[in-house]
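Read through the structure below, which is laid out as structure tokens, and then see the notes.
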Amino acid sequence: REQGDALRSAYGSSAFEFSFIFLTQATRDSRKETSFECDLPISRHRTQNRILVSHTTGKRALTRFDKIGNMGRYELWMAKTDFIRRHQILLHAAESGIPVLGDKKYAGEKPLLLSRFKRDYRPKQDLEERPLYDGPACYLSRIQFGAHVDLTSPEPPKWKGLVNQLVRLSAG
């Protein structure tokens, strides 16, 4: 019980660090910055399953962004935060001009279909095209707690498939 209380206290004191990896489409503005922070306060929407920026009722929220790779027209970013709020990452990325691919809630992005990336794509007859990656192209990659705990998550299989497609299409 004491250890649980200590962990809860550490979590509330921002002793944890959560790292998310995500993909975005490269823009002129995103190519200039390779590292920056977004500290817009966030608040839960009253009726919808989403958050929004609120300078009056919002909670403190800080997200640190670092560009970690380029794939032609696409970029790979890492977002770090003290609280495990995926919606915070999606909202701060969209507000900062690097919207997460496939994020329709905050960035108004369309699903990640192969036809969106491949110019000469031909759909199979009588079959609806399935997304390359369901939802926003973002996943939790690492959790750190001081020098004692460092957990990493392997890349999800669909993530690997999406990245491989983008690398292949960028080279071609």
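Computed over heavy atoms, backbone and side chain alike; hydrogens, waters and symmetry mates excluded. Numbers here are sequence positions counted from 1.
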(message) Check whether S43 reaches the backbone of L52 with its side chain - one donor and one acceptor, N or O, closer than 3.5 Å.
(response) no
(message) Ignoring hydrogens, what is the shortest heavy-atom contact between A137 and L112? Give both atom names and the distance.
(response) CB-CD1, 3.9 Å
(message) Measuring only between side-chain heavy atoms, which start at C-beta, is L166 closer than 4.5 Å to L132?
(response) no
(message) Quick check for you: to the nearest 0.5 Å, what is the distance between T34 atom OG1 and D66 atom CG?
(response) 7.5 Å
(request) Report yes if the side chains of I21 and W159 come closer than 4.5 Å at any heavy-atom pair, otherwise no. (result) yes
(message) Between D82 and R64, is there a side-chain heavy-atom distance shorter than 4.5 Å?
(response) yes
(request) Please answer whether the main-chain N or O of S115 pairs with a side-chain N or O of E129 as donor and acceptor at a distance below 3.5 Å. (result) yes
(message) Testing the basics here: between A107 and V100, what is the closest heavy-atom pair and its distance to 0.1 Å?
(response) CB-O, 4.5 Å
(request) Please report the closest heavy-atom contact between M78 and K80, naming both atoms and the distance. (result) SD-CE, 3.3 Å
(message) For S19, is there any backbone N or O sitting under 3.5 Å from a side-chain donor or acceptor partner on S141?
(response) yes
(request) Decide yes or no for R60 and D39: does some side-chain heavy atom of the first lie under 4.5 Å from some side-chain heavy atom of the second? (result) no
(request) List the atom of L90, the atom of P136, and the distance in Å for their closest heavy-atom pair. (result) CD2-CB, 3.8 Å
(message) Just so I know, are the side chains of Q88 and F20 near enough to count as touching, which here means a heavy-atom distance under 4.5 Å?
(response) no
(request) Determine, using the 4.5 Å side-chain heavy-atom cutoff (strictly less than), whether L113 and Y133 are members of one ILVMFWY cluster. (result) no
(request) Check the pair L91 / T63 against side-chain contact (heavy atoms from CB on, under 4.5 Å), numbers first and verdict last. (result) CA-CA 10 Å; L91 177 66; T63 307; over 6 Å; no
(message) Would you compute the distance between atom CG of L162 and atom CD of E155 and round it to the nearest 0.5 angstrom?
(response) 10.5 Å
(message) Can a side-chain donor-acceptor contact be found between H92 and Y106 if the only test is distance below 3.5 angstrom?
(response) no
(request) Could you tell me whether a side-chain N or O of K105 sits under 3.5 Å from a main-chain N or O of N49, the two making a donor and an acceptor? (result) yes
(message) Check for me, please, whether I89 and L151 land in the same ILVMFWY cluster - side-chain distances under 4.5 Å, paths through other members count.
(response) yes
(request) Show the numbers, then the answer: is there a side-chain contact (heavy atoms from CB on, under 4.5 Å) between D134 and K158? (result) CA-CA 8 Å; D134 296 321; K158 285 202 171 203; 3.8 Å; yes
(message) Please verify the inter-ring angle class for W77 with F36; under 30° counts as parallel, over 60° as perpendicular, anything in between as tilted.
(response) perpendicular
(request) State, with a plain yes or no, whether a side-chain heavy atom of I42 is found less than 4.5 Å away from one of R85. (result) yes
(message) Once rounded to the nearest 0.5 Å, what's the spacing between atom CZ of R142 and atom OG1 of T152?
(response) 7.5 Å
(message) Please give me the minimum heavy-atom distance between A93 and F65, naming the atom from each residue.
(response) N-CZ, 3.6 Å
(message) I'd like to know whether CZ of R50 has more than 12 heavy-atom contacts from other residues, nucleotides or ligands below 6.0 angstrom.
(response) yes
(request) List the atom of L62, the atom of T81, and the distance in Å for their closest heavy-atom pair. (result) O-OG1, 3.2 Å
